Amino acid sequence: MVLSNSHRKGIYIYFKVVYSCPTVLEFEFLKRWKMGFKEIGVLGFSSLAIKNVLEVCRKFDLDPCNVSRWVESFRGLGFSDDTVCKVLEVNPMVIMASEEVILDKVRFLEKIGLERRGIDWVFGEFPAVLSYGMENRLIPLMSEFQDLGISRGEVKKEIVRDPRVLGLEVGELSQCLRMLRSLKCRFSVKEEIFKDGILRAGYKVKLRVDCLCKYGLIRREAFGIIWREPRVILYDMKDIERKIDFLIKEMKFDVQWLLEVPEYLGISFEKQIVPRYNVIEYLRSKEQVNLKIQHPVGMWKLFKPQKYAQSKEDAKNIRSFMEPLGQAVSSKSKPTSMEQMQHGSFSSTF
């Protein structure tokens, strides 16, 4: 017997669902689910979305009719099947929410200035917002924006750029902006940070703090690193993650060494980090340097090389390596803001 593509897809979905959620095979549960996925209106959804639906229904003893009503209600509000599928993949508990709760989020975004098509995109890109409370989360967040002098137009612009800005905790943006206003760095760096407005600037700090915390640092440590090396705010998130991964996996340093040398995150990966590391590795292989990887001083010398060689022998070794390559290794002086920075001045800010 030759199976059609639709039958093959159905079998594949059932196999994945049963494999990841075997409790759906319980007899009593199956009796209530005689209605097929096609009748419920989710057959075209991903196996992850269907698995999540079944898990929620199994946990809260929901019938297929409950799911069918929710899907039709969501579609009735003008949302695409693609958005419904994404919501069920990421935030399936929204099945438990009433239509009025969903409408509250829609009205909230409409007041900011988004149209239904834009709201559909926001829910698809950031389904978690459907679980946020209005009184304890979204309304206080908008009040904070207004208190900071951020207009609704600016909020709309940032939501369209990245809907995850709605995930800010109340008070989080204010903390990020206090840190930014206390920066002691070159005017050009600060100007670049604030060029797209204070909401964007503060949110970029929040994303970088979350990134550093993901690697095991606490929030105070993450804020301290960014305060001491504000250029990290100007680098793309993928670039920052690549630098930290290289630090941990290739250089074999602990992420804690960023507390000693935050400048590592403020220099170019391709132009400075990799070339300098390769020089050290080459010299080590020739037994011309003795770099102790376990000690933070080694990292400091790698990314803040001294302006002058410590001895004639050191200079001779460096020249013997560099001349055949026809390259020059240069280093930049330490920023003035770093010389003036005191840990106490930052700690008092928070």
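Given the structure is predicted, the values throughout are model-derived calculations rather than measurements. Numbering of residues begins at 1 and proceeds along the displayed sequence.
- Under a 3.5 Å cut-off, the side chain of K156 and the backbone N or O of I112 do not form any donor-acceptor pair.
- The closest donor-acceptor contact from the side chain of E110 to the backbone of E115 lies at 3.5 Å or more, if one exists at all.
- How far CG of L141 is from CG of L168: 6.0 Å, rounded to the nearest 0.5 Å.
- Nearest heavy-atom pair, K204 versus I233, reported as atom, atom and distance to 0.1 Å: CE-O, 3.3 Å.
- The CG atom of L183 sits 7.5 Å away from atom CH2 of W227, with the distance rounded to the nearest 0.5 Å.
- Nearest heavy atom pair, residue V56 against residue M96, reads CG1-SD, 4.4 Å.
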**Request:** Start with the C-alpha distance between E100 and R107, add both sets of side-chain angles, then the distance that settles salt bridge (charged side-chain N to carboxylate O under 4.0 Å, His left out), and finish with yes or no.
**Result:** CA-CA 10 Å; E100 188 62 30; R107 296 186 189 110; 3.1 Å; yes
**Asked** Going through the checks in order, is the salt bridge (charged side-chain N to carboxylate O under 4.0 Å, His left out) test met by E125 and K86?
**Response** CA-CA 8 Å; E125 291 296 310; K86 288 179 179 178; 3.8 Å; yes
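- When all heavy atoms are compared, the tightest approach of C213 to I218 is SG-C, 3.9 Å.
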**Request:** Please test E154 against S151 for side chain to side chain donor-acceptor pair (under 3.5 Å), starting from the C-alpha separation and ending with a verdict.
**Result:** CA-CA 5 Å; E154 291 176 279; S151 68; 3.3 Å; yes
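- Not a single donor-acceptor pair under 3.5 Å links the side chain of Y215 to the backbone N or O of I248.
- For Y235 and F269, the ring centers are positioned 6.0 Å apart or more.
- When every heavy atom of L166 is checked against every heavy atom of L109, the shortest pair comes out as CD1-CD2, 4.0 Å.
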**Request:** Could you give me the CA-CA distance, side-chain angles and deciding distance for F223 and C176, then say whether side chain to side chain contact (heavy atoms under 4.5 Å, CB included) is met?
**Result:** CA-CA 8 Å; F223 270 111; C176 292; 4.1 Å; yes
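- For the pair R152 (side chain) and M142 (backbone), a donor-acceptor distance under 3.5 Å is absent.
- The distance from atom CG of L258 to atom CD1 of I226, rounded to the nearest 0.5 Å, is 11.0 Å.
- Residues M179 and V205 are in side-chain contact: their nearest non-hydrogen atoms beyond the backbone lie under 4.5 Å apart.
- Within a 6.0 Å radius of NZ in K190, more than 12 heavy atoms belonging to other residues, nucleotides or ligands are found.
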**Request:** Step by step, work out the side chain to side chain contact (heavy atoms under 4.5 Å, CB included) result for F108 and D104.
**Result:** CA-CA 6 Å; F108 172 79; D104 284 343; over 6 Å; no
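- With hydrogens and angles left out, the side-chain atoms of S188 and E191 include no donor and acceptor closer than 3.5 Å.
- The local environment of CD in E270 is crowded, with over 12 non-hydrogen atoms from other residues, nucleotides or ligands closer than 6.0 Å.
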**Prompt:** When you look at I95 and V71, which way does the side chain to side chain contact (heavy atoms under 4.5 Å, CB included) test go after all the steps?
**Reply:** CA-CA 8 Å; I95 293 174; V71 171; over 6 Å; no
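- In terms of hydrophobic clustering, with Ile, Leu, Val, Met, Phe, Trp and Tyr side chains grouped at heavy-atom distances under 4.5 Å, V255 and Y277 are assigned to a common cluster.
- For F145 against L199, the heavy-atom pair with the smallest separation is CE2-CD1, 3.9 Å.
- Contact of the R161 side chain with the R200 side chain is registered, since non-hydrogen atoms from C-beta on lie closer than 4.5 Å.
- Cluster annotation: F123 and V101 are assigned to distinct hydrophobic clusters (Ile/Leu/Val/Met/Phe/Trp/Tyr, side-chain heavy-atom contacts under 4.5 Å, transitive).
- A continuous path of hydrophobic side-chain contacts links I225 to M251 [ILVMFWY only; heavy atoms under 4.5 Å].
- One distance of note links CG of L173 with CG of L177; it measures 4.5 Å at 0.5 Å rounding.
- Between E229 and Y264, the closest side-chain pair of non-hydrogen atoms is not below 4.5 Å.
- Residues K105 and I119 fail the side-chain proximity criterion, which asks for heavy atoms closer than 4.5 Å.
- Note on L103 and L130: same hydrophobic cluster, where clusters join Ile, Leu, Val, Met, Phe, Trp and Tyr whose side-chain heavy atoms are under 4.5 Å apart, directly or indirectly.
- Taking the side chain as every heavy atom from C-beta outward, E221 and Q256 approach each other to under 4.5 Å.
- N52 contributes no side-chain N or O that, together with a main-chain N or O of P92, makes up a donor-acceptor pair within less than 3.5 Å.
- Considering only heavy atoms from C-beta on, V53 comes within 4.5 Å of C57 through its side chain.
- Under the side-chain contact (heavy atoms from CB on, under 4.5 Å) criterion, D120 pairs with F79, S80, T83, not counting sequence neighbours.
- Considering every non-hydrogen atom in both S131 and N91, the closest pair reads OG-ND2, 2.7 Å.
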**Request:** Starting from the C-alpha separation in whole Å, work towards a yes-or-no answer on salt bridge (charged side-chain N to carboxylate O under 4.0 Å, His left out) for R219 and E172.
**Result:** CA-CA 11 Å; R219 287 181 62 83; E172 193 173 16; 3.7 Å; yes
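- Between F253 and W257, the two ring planes are perpendicular [angle over 60°; tilted spans 30° to 60°].
- In summary, E72 and R75 engage in a salt bridge, as defined by a charged side-chain N under 4.0 Å from a carboxylate O.
- Relative to the six-membered ring of Y132, R137 meets both conditions, a distance below 6.0 Å and an angle of at most 45° to the axis.
- Expressed to the nearest 0.5 Å, how far CG of D82 lies from CH2 of W121 amounts to 13.0 Å.
- Taking 4.0 Å as the cut-off between side-chain N and carboxylate O, K238 and D236 do not count as a salt-bridged pair.
- Summarising the geometry, atom CZ belonging to R231 is positioned 10.0 Å from atom CG belonging to L265; distances are rounded to the nearest 0.5 Å.
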**Request:** Could you check K214 against D210 for salt bridge (charged side-chain N to carboxylate O under 4.0 Å, His left out), going step by step and ending with a plain yes or no?
**Result:** CA-CA 6 Å; K214 181 178 69 175; D210 289 348; over 6 Å; no
**Message:** Run V94 and I102 through side chain to side chain contact (heavy atoms under 4.5 Å, CB included) and show every step you take.
**Reply:** CA-CA 9 Å; V94 77; I102 305 299; 3.7 Å; yes
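- Contact check on R242 versus D239 returns a salt bridge, with a Lys/Arg side-chain nitrogen under 4.0 Å from an Asp/Glu carboxylate oxygen.
- Looking at E192 and R186, their side chains never come closer than 4.5 Å, going by heavy atoms from C-beta outward.
- In the hydrophobic clustering of ILVMFWY residues, with side-chain heavy atoms under 4.5 Å counting as a link, V90 and V122 come out apart.
- Centroid-to-centroid, the aromatic rings of W70 and F74 come within less than 6.0 Å.
- E144 contributes no side-chain N or O that, together with a main-chain N or O of V170, makes up a donor-acceptor pair within less than 3.5 Å.
- The shortest distance between side-chain heavy atoms of L88 and V84 falls below 4.5 Å.
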